[in-house]
Structure formats: C-alpha cells, structure tokens
Participant: 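Please read through the structure below; I'll follow up with questions.
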Protein chains: 2
Amino acid sequence: MGTTKTEIFTEKQNKLAVLLKALAHPARIAILQEIIKTNACICGDLVSELGLAQATISQHLKELKTAGLIQGTIEGVSVCYCINPTVWKQLQTQLKAFLESYDLKTNCC
Amino acid sequence: MGTTKTEIFTEKQNKLAVLLKALAHPARIAILQEIIKTNACICGDLVSELGLAQATISQHLKELKTAGLIQGTIEGVSVCYCINPTVWKQLQTQLKAFLESYDLKTNCC
DNA sequence: TTTTTTAATCGTAATATTGCGATGTATTAT
DNA sequence: ATAATACATCGCAATATTACGATTAAAAAA
C-alpha cells in the first residue's frame, strides 16, 4: 500500500499523471516560469530568486528533468537549464485534449 | 519540514499547484474522464469501472471536490458527481496561459 | 420497523514528498 | 597544485499520499 496502482490505468493516463505531478508544486511552477522568463537558460540564479535552499532547488530541477520537462547542459562551472520543447508540446496537446473533452455548456447537477 | 513553503510563492502559483495536484493522479484523471464520458453525472459506477476499493474512490472524489473541480449532489441513495464548470474554465485559462508563455521556437540548450 | 443500498469517514500500514545541512564532484580561477 | 565556484547527491526528519478494511450515516425498499 501507499503506492499508486498504475497497472489498472492506461498508459496515457499514467503518463499524463506523471507530467502533471511534476508541475504540481509551486516551486516547480516558479522554476519553469523563471526559465521561460529569462528566455535563455538560467542556472543557480534560481536559488537566489526563490527562497529555497540550493539542495531543494536541485531536487526540484531533478524531478522536472526526470519528467522530461526540462533539460540541462553543463556550461563551464554552471548548468544551463531550459524547457524541452518536445515534451512541452506533448503536454500542451494532451492537456488541451483532456480539458476540452468536457463541454462547458453541459451542466448537470 | 515535509511541508511545502507556500509563503514564498505567489497566490497564483499556489492555486495552480493545488489544481494540478488534484489532477496529478491516474485514478483522478480516470474518474474525471468517466464523469465527462457519461455526460450526465455518475455515482458509484466508478467503483465497478475502475479497479479500486470504494473507500479509495470516495477519497479521490473528496480530493477533487476539495480542489473544486467537481461537485456532488445527493440523488436519493446515491450521489451524483459532475464537473464544476467555473473551476474547470479557470483551470483551462490558467494552464493555457502558463503553457503558452513558453515559445516553442525558442530553443537554447 | 427492519433491511438493503450507497457513499462517507475512521483507522492504519506502506510509501512518497518536501526541505535542508553536510558532503562530494567537477570545472574554472589563482 | 590549490582555492573557489556551482551543482549534485546523501542522509535524515517531518509530513503527505495512497490504498483498503471496517464502521457509520442516511435514504429507499421491504
């Protein structure tokens, strides 16, 4: 117990849940927004921008990386993070389909 | 420790994270899809449809209700669940804005 | 009234997440 | 070579999540 029963769901449901889980934390939303805002990649500026310890930021970055939402390339001493366009696009497509599968006009109870 | 430091994030970031967290589980995605699919509201059909215990489904429904994504009205012995159009619309708007704030053409590293 | 049905809630076990100090690991600067 | 810088990782404590059996609550049927 305590673990999600992934076996009983579809591949699609599980994959979407993984991506959403990666997004579902204010720190990770803030990190992504910061990466997007600075347009080019940023590095450990996140530690000074957000009020979290370096270890914590690094952990959140790892989760985003594991989910595939961002990618990091070593740039000398620092690491350069940016959005993974492919996965981002996938997320957009899947979420759009999911959210639009509900017809807002259909009000029932 | 173990708790999210909500104080250091914006209201918007926290609210979006709450909604995404509610979505970020395959069971809850499946529940929402089922509610949408059956168009009208459904009740404990979810227990037979998905392979989870009644207590577990009820718990997931509660989380979706707490997040505001669904609403339930008592319909005799059973309970009728449906999407909350207002919150659903909000989620659509906020997610769209967030996902589209990244320009897919901007490839950096 | 008693029984049945449907769903919420309680209690509990297993596991996951969050956050951080401390430490390790490269790479650049001196 | 040594020191400094930037991150990653380890280890730990606090808390949250997931899942479910058992119980409770409320309405409908008998």
Side-chain angles (χ1 to χ4, degrees), chain A residues 1-9 13-14 17-31 34-35 38 41-67 70-82 109, chain B residues 1-9 13-14 17-31 34-35 38 41-67 70-82 109:
Chain A
M1 276 164 238
T3 333
T4 300
K5 277 184 143 189
T6 47
E7 334 85 63
I8 66 172
F9 305 106
Q13 288 167 336
N14 286 318
V18 166
L19 286 178
L20 287 172
K21 206 172 185 180
L23 286 183
H25 192 286
R28 292 194 289 273
I29 291 177
I31 288 173
E34 194 64 24
I35 291 181
T38 39
C41 325
I42 52 149
C43 345
D45 312 328
L46 292 162
V47 180
S48 35
E49 281 299 322
L50 317 181
L52 289 171
Q54 185 263 317
T56 310
I57 297 283
S58 201
Q59 201 176 317
H60 282 304
L61 284 169
K62 191 183 177 184
E63 286 181 68
L64 290 169
K65 221 181 343 180
T66 304
I70 62 171
Q71 54 202 182
T73 43
I74 296 162
E75 196 117 318
V77 188
S78 44
V79 176
C80 172
Y81 283 106
C82 62
C109 50
Chain B
M1 275 162 240
T3 334
T4 301
K5 276 184 141 187
T6 47
E7 333 85 63
I8 66 173
F9 305 107
Q13 288 168 336
N14 285 319
V18 165
L19 286 177
L20 288 172
K21 205 172 186 181
L23 286 183
H25 193 286
R28 292 194 289 272
I29 292 177
I31 287 174
E34 194 64 24
I35 290 181
T38 39
C41 324
I42 52 152
C43 344
D45 312 328
L46 292 162
V47 181
S48 35
E49 280 301 321
L50 317 181
L52 289 171
Q54 185 262 319
T56 310
I57 297 283
S58 201
Q59 202 174 316
H60 282 304
L61 284 169
K62 192 183 175 185
E63 286 181 68
L64 289 170
K65 222 181 341 178
T66 304
I70 61 170
Q71 52 202 179
T73 43
I74 297 163
E75 196 117 319
V77 188
S78 44
V79 175
C80 172
Y81 282 106
C82 62
C109 52

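Naming convention: chains lettered A, B, ... in sequence-line order (proteins, then strands); numbering from 1 in each chain. The figures that follow rest on heavy atoms only: side chains count, while hydrogens, waters and symmetry mates do not. The shown structure was predicted, so the numbers you read here are calculated from the model rather than taken from an experiment.
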Participant: Taking both distances under 3.5 Å as the test for a Watson-Crick or G-U pair, what stems of at least three pairs does DNA chain C have?
Facilitator: C:1-30 with D:1-30
Participant: Separation of Leu50(B) atom CG from dA19(D) atom C1', in whole Å?
Facilitator: 14 Å
Participant: Taking salt bridge (Lys or Arg N to Asp or Glu O under 4.0 Å) as the cut-off, I'd like each qualifying pair that reaches into residues 17-31 of chain B, sequence neighbours left out, listed once.
Facilitator: Arg28(B)-Glu63(B)
Participant: Counting the atoms with a prime plus P, OP1 and OP2 as sugar-phosphate, which does Ile74(A) contact under 4.0 Å by heavy atoms, base, sugar-phosphate, or nothing?
Facilitator: nothing
Participant: Could you check how far NE2 of His60(A) sits from P of dT9(D), rounded to whole Å?
Facilitator: 15 Å
Participant: Locate the shortest heavy-atom distance separating Pro26(A) from Thr4(B); write the atom from each residue and the value.
Facilitator: CG-CG2, 3.7 Å
Participant: Would you kindly give the CD-to-P distance between Gln59(A) and dC12(D), to the nearest whole Å?
Facilitator: 15 Å
Participant: What is the distance from atom CG of Leu52(B) to atom OG of Ser58(B), rounded to the nearest 0.5 Å?
Facilitator: 12.0 Å
Participant: Just call it for Thr56(B): base, sugar-phosphate, or nothing, with non-hydrogen atoms closer than 4.0 Å on any strand.
Facilitator: base
Participant: What heavy-atom pair brings Ile74(A) and Gly76(A) nearest, and what distance separates the two atoms?
Facilitator: CG2-O, 3.5 Å
Participant: Using a heavy-atom cut-off of under 4.0 Å over every strand shown, decide if Glu63(A) touches base, sugar-phosphate, or nothing.
Facilitator: sugar-phosphate
Participant: Grab the N/O contacts between the protein and nucleotides 4-8 of chain D below 3.5 Å, and write none if there aren't any.
Facilitator:
from: dC7(D); atom 1: OP1; to: Gly44(A); atom 2: N; distance (Å): 3.1
from: dC7(D); atom 1: OP1; to: Val79(A); atom 2: N; distance (Å): 3.2
from: dC7(D); atom 1: OP2; to: Gly44(A); atom 2: N; distance (Å): 3.0
from: dA8(D); atom 1: OP1; to: Tyr81(A); atom 2: OH; distance (Å): 2.3
from: dA8(D); atom 1: OP2; to: Ser58(A); atom 2: OG; distance (Å): 2.7
from: dA8(D); atom 1: N7; to: Gln54(A); atom 2: NE2; distance (Å): 2.8
from: dA8(D); atom 1: N6; to: Gln54(A); atom 2: OE1; distance (Å): 3.0

Participant: What pairs of residues pass the salt bridge (Lys or Arg N to Asp or Glu O under 4.0 Å) test when at least one of them lies in residues 46-61 of chain A, not counting sequence neighbours?
Facilitator: none
Participant: Going by the angle between their ring planes, with limits at 30° and 60°, are His25(B) and His60(B) parallel, tilted or perpendicular?
Facilitator: tilted
Participant: Rounded off to whole Å, could you give me the CG-to-P distance for the Asn14(A) and dT18(D) pair?
Facilitator: 13 Å
Participant: If you compare all heavy atoms of Ala24(A) against all heavy atoms of Ala24(B), which two are closest, and at what distance to 0.1 Å?
Facilitator: CB-CB, 4.3 Å
Participant: Could you tell me which non-hydrogen atom of Phe9(B) sits nearest to which non-hydrogen atom of Asn14(B), and how far apart they are?
Facilitator: O-ND2, 3.6 Å
Participant: With Tyr81(B), which of Ile31(B), Leu61(B), Thr38(B), Leu64(B) fulfils side-chain contact (heavy atoms from CB on, under 4.5 Å)?
Facilitator: Leu61(B)
Participant: First and last nucleotide of DNA chain C touching chain B, 5' to 3', heavy-atom cut-off 4.0 Å?
Facilitator: dT5(C) to dC20(C)
Participant: Here's a test of your reading of the structure: between Lys5(A) and Lys21(B), which maps to the more 5' nucleotide of DNA chain D?
Facilitator: Lys21(B)
Participant: So for atom CD1, which belongs to Ile8(B), do other residues, nucleotides or ligands contribute more than 12 heavy atoms lying within a distance under 6.0 Å?
Facilitator: yes
Participant: Could you state the atom-to-atom distance from NZ of Lys62(B) to P of dA19(D) in whole Å?
Facilitator: 16 Å
Participant: Which residues pass the side chain to side chain donor-acceptor pair (under 3.5 Å) test with Thr56(B), sequence neighbours left out?
Facilitator: none
